[in-house]
A.B. asks: 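Below you will find the structure I want to go over with you.
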Amino acid sequence: MSQAHQIVPTTDGITAHAWNADRTELALSPNNNELIIFENCQAPMSEWRQKFKLTEHDLTISGIDWHPVTGMIVTCAHDRNAFVWTYSDGVWNPSLVILRIEYAAIDCKWSPDGRKFAVASGAKCVPVCHYEEENSWWVSKMIKKPHKSTVLCVAWHPNSQLIATGSSDFKCRLFSAYVDATDDSQDMGPLTGQNPASFAEMYYDWSANGWVHCVDWSPSGNVLAFGAHDSSLHVVTFGGGEPVTQMVRFDFLPLCTIKFISDTSILGGGHDCNPAVFADSGSGWAFSEFCDKKPAEEKKAEVATSGAAAARAMFQNKTKTGQTQSKEAMNDNSWQKHQSPVTFMQQLNPASTCSEFSTTALDGRIAVWKLAEMDLNHGAMGL
Amino acid sequence: AVVGYTMADDAAVLAEVEARKGSVTSMVTQKNFVGALTAALADPEKVLASKSANVKSANAAVVFQVIEAIEDKEIDGVLEGLDPLVMDLLMKYVYKGLGTPENANSLLKWHAKVLERCGPGGIVRSMTDRKTV
């Protein structure tokens, strides 16, 4: 059963969350400088226990990522720093990373091979950090040009050498993140056949009509999607020649976070507080349906027809004069799992196709969704 | 999208708008409202790219001429089958029209009808688009 849990008070809200490799522990930040780690997460949600409260950061933590293989957590915050946390002897040890940015960090992501991580920052650049053994510390290299404004999100290609960024200058860009020191040979991924570019060189850029809030790669690495603030989802398919872009305009409010379920379906969470499914039917991408469905209306009570009961019903109905049924239904969102915009989404199952995912929002709730048990058109999603 | 639009192009676009006004007026008199609205909203790129308030208000006048001619009960019929991109453009004009006190009553009805079809996403697009009508 998909369910939601008020894990921190509604007045706090959750900025980011991440799971460990076997989903028994959850790291999140309640919209402040604390990194909280819960354990016992394989049990029902009410039995999750808070194990650690780590307060190395000075300002609000904006991004958390937990690598499934190395087990390290990277966090970044508005205090322009990032910490890499390693667990040993029952304690989490922070290691400060000097990002060399003058403005806040917005988001951070481990590369799939766990050897690098990238930070989206308000300094119009993306520090890509790798570990230098000789000095035992993390070194940052910058991807700067041609970002004209804050970088809002980053996404690593499965080969850990290409990185896509979304910025508030209305563009999504694709860069080379090939670092000589850590990577073996340059793998061009979906761009095979083109000239390899060196670190921080841009391959492509795509425009939208609003801030690019979220970007994600498909499990195969052949499709890139980004969501912008003009209520659109752009899907770029790499197929050998020039990449093909499709823009999906949808009827509801903009997306804040997206995740590919499979190569032909995407989940989007946004200001409608309800994860939305987009699917590629073979003839193009389109919005499919929302995940959270309103439970069936309860049967209306029997209408009384005799004597006193009918008279009472008549007077009770008079109290409802002027209220229309549709207005109430439209404004009543209490059946939804989230009551405020969904800002963060993570895949729970370790396979490349997503079957379970979790969402957090600024209402302080975390919801876990199991796709197989949900009332969705699974065939269209490629599951 | 129009590349390299300059102020010198404004005069040519104004002439286009005049021509459009002519064909739209004749369609309105013949009560061909679907044709009139489609024609009024056709080829918006140059008007969107222009920075001249004269060009924009001239084109807006053509669009509002059609909107004023259509009775409230006929709005549904006119909007049926309208292209989604044209619907977004129409929403921009509705908001432009709501910025002045004339026709507020019928424009609010238009807003509700267009909203049924394009949803809050259409409103978001009309507000975030840098190219204004």
Side-chain angles (χ1 to χ4, degrees), chain A residues 148-149 152 166-172 205-214 226-234 245-256 258 268-274 276-278 284-290 324 326-327 329-331 333 336 340-342, chain B residues 1-5 37-38 41-51 56 59 72-73 75-76 78-96 98 108-133:
Chain A
K148 299 251 176 348
S149 182
L152 294 168
S167 169
S168 56
D169 64 2
F170 296 17
K171 283 193 200 272
C172 171
D205 68 4
W206 299 277
S207 293
N209 253 341
W211 288 11
V212 180
H213 287 296
C214 46
F226 59 95
H229 202 75
D230 63 336
S231 284
S232 66
L233 176 70
H234 300 244
T245 321
Q246 188 201 339
M247 175 173 171
V248 181
R249 287 186 168 77
F250 46 84
D251 285 354
F252 44 94
L253 297 175
L255 299 172
C256 300
I258 53 171
H271 291 274
D272 269 304
C273 320
N274 197 343
V277 180
F278 294 82
W285 286 86
F287 167 65
S288 181
E289 56 193 326
F290 282 111
T324 39
S326 57
K327 267 211 191 72
M330 223 162 57
N331 293 329
N333 286 343
Q336 284 182 343
S340 90
V342 173
Chain B
V2 173
V3 184
Y5 188 98
L37 190 63
T38 319
L41 295 171
D43 293 324
E45 273 86 41
K46 296 208 192 96
V47 176
L48 290 170
S50 167
K51 296 216 171 50
K56 290 185 192 287
N59 206 55
D72 292 346
K73 59 182 190 295
I75 300 178
D76 271 316
V78 174
L79 292 180
E80 200 62 48
L82 207 61
D83 186 73
L85 281 170
V86 179
M87 200 73 78
D88 280 350
L89 180 64
L90 179 59
M91 188 52 111
K92 284 188 193 173
Y93 275 110
V94 169
Y95 272 103
K96 185 178 175 94
L98 285 170
L108 282 171
K109 293 201 175 64
W110 276 84
H111 185 275
K113 297 272 181 214
V114 178
L115 179 59
E116 268 172 34
R117 285 166 176 77
C118 72
I123 297 183
V124 170
R125 277 188 288 280
S126 70
M127 294 195 169
T128 54
D129 201 345
R130 287 294 196 75
K131 300 192 278 293
T132 55
V133 292

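Chain A is the first sequence line, chain B the second, and so forth, proteins listed ahead of strands; every chain is numbered from 1.
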A.B. asks: Name, in order of residue number, those residues of residues 85-92 of chain B that have a heavy atom at a distance of less than 4.5 Å from a heavy atom in chain A; otherwise write 'none'.
C.D. replies: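 Against chain A, the residues of residues 85-92 of chain B that fall inside the cut-off (heavy atoms, under 4.5 Å) are Leu85(B), Asp88(B).
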A.B. asks: For residues 120-128 of chain B, give me every residue with a non-hydrogen atom less than 4.5 Å from any non-hydrogen atom of chain A.
C.D. replies: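 Answer by number: Pro120(B), Gly121(B), Val124(B), Arg125(B), Thr128(B).
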A.B. asks: At what distance, to the nearest 0.5 angstrom, does NZ of Lys131(B) lie from CG of Asn209(A)?
C.D. replies: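 So the NZ of Lys131(B) and the CG of Asn209(A) are separated by 5.5 Å.
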A.B. asks: With a 6.0 Å cut-off (strictly less than), is the heavy-atom count around CH2 of Trp211(A), excluding the residue itself, greater than 12?
C.D. replies: no
A.B. asks: Could you note down all residue pairs passing ring-ring contact (aromatic ring centres under 6.0 Å, His included) where residues 114-133 of chain B supplies at least one of them, sequence neighbours left out?
C.D. replies: none
A.B. asks: More than 12 heavy atoms of other residues, nucleotides or ligands under 6.0 Å from NZ of Lys56(B): is that the case?
C.D. replies: yes
A.B. asks: Quick one: side-chain hydrogen bond (donor to acceptor under 3.5 Å, both in side chains) partners of Asp43(B), sequence neighbours excluded?
C.D. replies: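 With neighbours one apart ignored, the set is empty.
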A.B. asks: If you count heavy-atom pairs under 4.5 Å with chain B, which of Asp272(A), Asp230(A), Leu253(A) comes out on top?
C.D. replies: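 Ranked by heavy-atom pairs under 4.5 Å with chain B, first place is Asp230(A).
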